[in-house]
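Please read the structure below before turning to the comments.
First the proteins, then the strands, lettered A, B, ... as listed; each starts at 1.
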Protein chains: 2
Amino acid sequence: MAAPGRGVTIADVAARAGVAASTVSYVLSGKRSISPDTARRVMEAVAELGYHPHAGARSLASRRAGVIAMMLPLRDGMHLPVLMQFASGAVTEARRQDQDVLLMTADEGPAGLARVAASAIVDGLILMDVEVRDPRVETLRRLGLPSVLIGFPADAEGLTCVDLDFTAAGRVCADYLVERGCTDVALLGASEAVYERRTGFAERVRSGFLNRTADRPGVAAAALPCADEPAAVQRTVKELLHARPGLTGLAVHNEPSVPHVVHALADAGKSVGEDFHVVVIGPDEVAERVHPQLPSVLVPAETLAEIAVRHLMRKLDGLDVPDATLVEPQLTMR
Amino acid sequence: MAAPGRGVTIADVAARAGVAASTVSYVLSGKRSISPDTARRVMEAVAELGYHPHAGARSLASRRAGVIAMMLPLRDGMHLPVLMQFASGAVTEARRQDQDVLLMTADEGPAGLARVAASAIVDGLILMDVEVRDPRVETLRRLGLPSVLIGFPADAEGLTCVDLDFTAAGRVCADYLVERGCTDVALLGASEAVYERRTGFAERVRSGFLNRTADRPGVAAAALPCADEPAAVQRTVKELLHARPGLTGLAVHNEPSVPHVVHALADAGKSVGEDFHVVVIGPDEVAERVHPQLPSVLVPAETLAEIAVRHLMRKLDGLDVPDATLVEPQLTMR
DNA sequence: CTTCGTCATCGAAGCGCTTCGACGGGCGTC
DNA sequence: GACGCCCGTCGAAGCGCTTCGATGACGAAG
């Protein structure tokens, strides 16, 4: 990386290498064959001058900006560290593919999508945390802007979506508990309120959990919602233990309640990890910050981000990608 | 926002409004006076066609991209929620000024700066979490790319920097304790290791704290480093209480140790909030997640981000801005 | 030895916008 | 009533790049 003078253009590189500007362009893009000797001279000139193509000019001429947008729900209920992992994964993968990432907040809404589409400032976009009824989805479809969604809207027809396989996550939790010898288990889900906008995945965890336990003879299972407040959690757990004295396993799909669940179990004289088993669906920290630490299935943010970026790039290159991609859940033991 | 056809150009708008393309440009930029009547017709055409200027073309012609870069330390030790708040604040403020934000990770390093500068993909940049000896700083200076730093490098000459006023934060903590009637207080700082790269602000808190207590007659104060590990924290607190039996106030500037400090104090029979006072310098959650909740001074990420963006915009407009901006710390009572 | 194909390269034409200089028409001024 | 000015508008010239068609050189084929 030599000292870049102000405004090194392709003409400067061409002059230095003793070729035409178009030749430099072809060397850089590889779109026509160039003799090895010329190519070498051009690359040397590029390096010596510290040339980087002017992004605006390139986007104007080639109709490719080399930038993708990422729309994040910055003010929203989504777990922040997960969001950061996501952003980090996306930027890293994008750079690997020589793309930059424009950051947008979800509160720009459909109008924001229309703006970036019309101004050609980005080639495509990744929409995080898509809800079941998401107003941006219709706009997206209408604009025809290449995109990948994280999450599944109600009508995913014609869209490319990526997400954790929540049904499988429910199954994984069920398996964990059953393998520990539990014959009476329950799934503690989210409060109705939290998921009302995005019911999809709460449902899926639940059905994965219940279907799997139903397959296991001699295993009784239940699923019930649970509010977030400490007191409500305590009460729910107490009632549950009372109603099902034989309960020995619990899957918790409700981040904020985890510490309180553990507390309530301890109060009830249960020894987690010995005569009682708990598994969490949620971020690592949640499962790590309780005593004893719990096994958990997390939302693999970096992986999802990488897949999303790769799929988007394929779409931009005119290749096709699966409409729906579900990532296998991983159970982390602790 | 009407349905934007594919590729509405300024010529389309001009035709529709019955004027020249240059006139449309002047209406939109306000750089020449235009009759109210013409302006109205142009604006109507813009709205009807859903016109948004092509970002690349604009950047090519005007040498202004309308995008600023934000470089975040995504993999680094910085507290994630703070980072998100920062990103959120920056994007929101940037959009208010009609700018977009390009997200870069710190591991692109100086080469990344050179790239975005040379490709003119952004007009300027904001560098988060600047360290005392930061390799990017020299590059930045050489490139002459307009920028604002969050944090202070060793040599801030000619750079625009923004940060929390850590010296004042030290004073605020001292004041809090003294006002609660404490006459023997201490500051528990970071472990040497954590701050070695970014010594600046640990130092400043310390001197703010000690200078302020020194001003108060009859108040004894000390400052000591503290490791992060639970056991080490417990030991440090125990030794401290033993060495200074009259100690009744503690300021903790070490995020991870807070819960353990509280624990250790309880073990020693101190009743925090009654016969003993503790104040934290760190994120809200840290101070909220202990019992009892503690008052705290936080890094006001959104505010810093807004200031950074505003300063950057001013620089881009050729206005001048102060070299150093220190934000007053706020004590949040709990 | 001419003809045809290939390969490597060149030149020119835009991409959509901003901006500069020019120009015509209305007004105030002497 | 003629002169100059300013205001509002237009046309044209780029900004730096990609891409298309053209061109020359060189071997192979006839």
Side-chain angles (χ1 to χ4, degrees), chain A residues 4-43 45-46 49-67 98 115-121 123, chain B residues 4-43 45-46 49-67 98 115-121 123:
Chain A
R6 267 242 146 271
V8 180
T9 75
I10 200 171
D12 299 331
V13 175
R16 175 115 183 188
V19 298
S22 50
T23 301
V24 174
S25 179
Y26 286 124
V27 169
L28 262 26
S29 70
K31 293 192 178 169
R32 280 194 185 180
S33 65
I34 296 286
S35 71
D37 185 56
T38 305
R40 187 186 44 71
R41 286 203 327 278
V42 168
M43 294 312 290
V46 165
L49 298 175
Y51 169 72
H52 289 272
H54 186 288
R58 167 175 279 190
S59 127
L60 183 55
S62 70
R63 337 213 104 241
R64 270 274 217 150
V67 180
D98 241 313
R115 179 178 67 84
V116 294
S119 66
I121 194 175
D123 300 321
Chain B
R6 267 242 146 274
V8 179
T9 73
I10 200 171
D12 300 330
V13 175
R16 175 118 183 185
V19 299
S22 50
T23 302
V24 174
S25 178
Y26 286 125
V27 169
L28 263 26
S29 71
K31 293 194 177 169
R32 280 196 185 178
S33 65
I34 297 286
S35 72
D37 185 55
T38 304
R40 187 186 43 72
R41 285 202 329 277
V42 167
M43 294 312 289
V46 165
L49 298 175
Y51 169 73
H52 290 273
H54 187 289
R58 169 175 279 192
S59 127
L60 183 54
S62 70
R63 336 213 104 242
R64 268 275 216 148
V67 180
D98 241 313
R115 179 179 66 85
V116 294
S119 67
I121 194 176
D123 300 321

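Rounded to an integer number of Å, the gap from CD1 of B/Ile10 to P of D/dG14 is 19 Å. Across the protein-nucleic acid pair, B/Arg64 atom CZ and D/dG16 atom P stand 17 Å apart, rounded to whole Å. Look at CG on A/Asp37: it is 12 Å from C1' on C/dA8, rounded to the nearest Å. Atom P of nucleotide C/dC15 and atom CG of B/Leu60 are separated by 13 Å, given to the nearest angstrom. The interatomic distance linking B/His54 (NE2) with C/dC17 (C1') rounds to 10 Å, in whole Å. For the pair A/Leu28 CG and D/dT18 P, the interatomic distance rounds to 7 Å; values are reported in whole Å.
Note: B/Ser35 OG to B/Arg41 CZ = 7.0 Å, rounded to the nearest 0.5 Å. Residue B/Arg32 holds its CZ atom at 10.0 Å from OG of B/Ser25, rounded to the nearest 0.5 Å. Rounding to the nearest 0.5 Å places OG1 of A/Thr9 at 9.5 Å from CG of A/Leu49. Atom OG of residue A/Ser119 and atom NE2 of residue B/His54 lie 8.0 Å apart, to the nearest 0.5 angstrom.
Side-chain atoms of A/Met43 and A/Leu28, non-hydrogen and from C-beta on, do get closer than 4.5 Å to each other.
For B/Lys31 and C/dT18, the shortest distance from a side-chain N or O to OP1 or OP2 is not below 4.0 Å.
Contact annotation for A/Ser22: base contact, defined as any heavy-atom pair under 4.0 Å involving a base atom. Here A/Thr9 lies in heavy-atom contact (under 4.0 Å) with sugar-phosphate atoms only. When heavy atoms are screened at a 4.0 angstrom cut-off, B/Ser25 is found touching base atoms of the nucleic acid.
The A/Ala61 side chain lies nearest to D/dT18 when the options are D/dT18, D/dT19, D/dG11. Of the candidate nucleotides C/dC15, C/dC17, C/dC7, C/dC15 has the atom nearest to the side chain of A/Arg63. Each of C/dT18, C/dC10, D/dT19 was ranked by its minimum atom distance to the side chain of A/Val19; first place goes to C/dC10. Listed nucleotides: D/dC20, C/dT18, D/dC17. Nearest to the side chain of A/Tyr26: D/dC20. Side-chain atoms of A/Ser35 lie closest to C/dT9 of the nucleotides C/dT9, C/dG11, D/dC15. Of the candidate nucleotides C/dC20, C/dC17, D/dA22, C/dC20 has the atom nearest to the side chain of B/Arg32.
When atom types are taken as modelled, the side chain of B/Asp123 and the backbone of B/Ala65 share a donor-acceptor pair closer than 3.5 angstrom.
In summary, B/Asp12 and B/Arg16 do not engage in a salt bridge, as defined by a charged side-chain N under 4.0 Å from a carboxylate O.
Where the helix from C/dC1-D/dG30 to C/dC30-D/dG1 starts and where it ends, the local axes point in directions that differ by 50°; five pairs per end, rounded to 10°.
For the pair A/Ser62 and B/Arg41, nearest-nucleotide mapping onto DNA chain D gives the more 5' position to B/Arg41.
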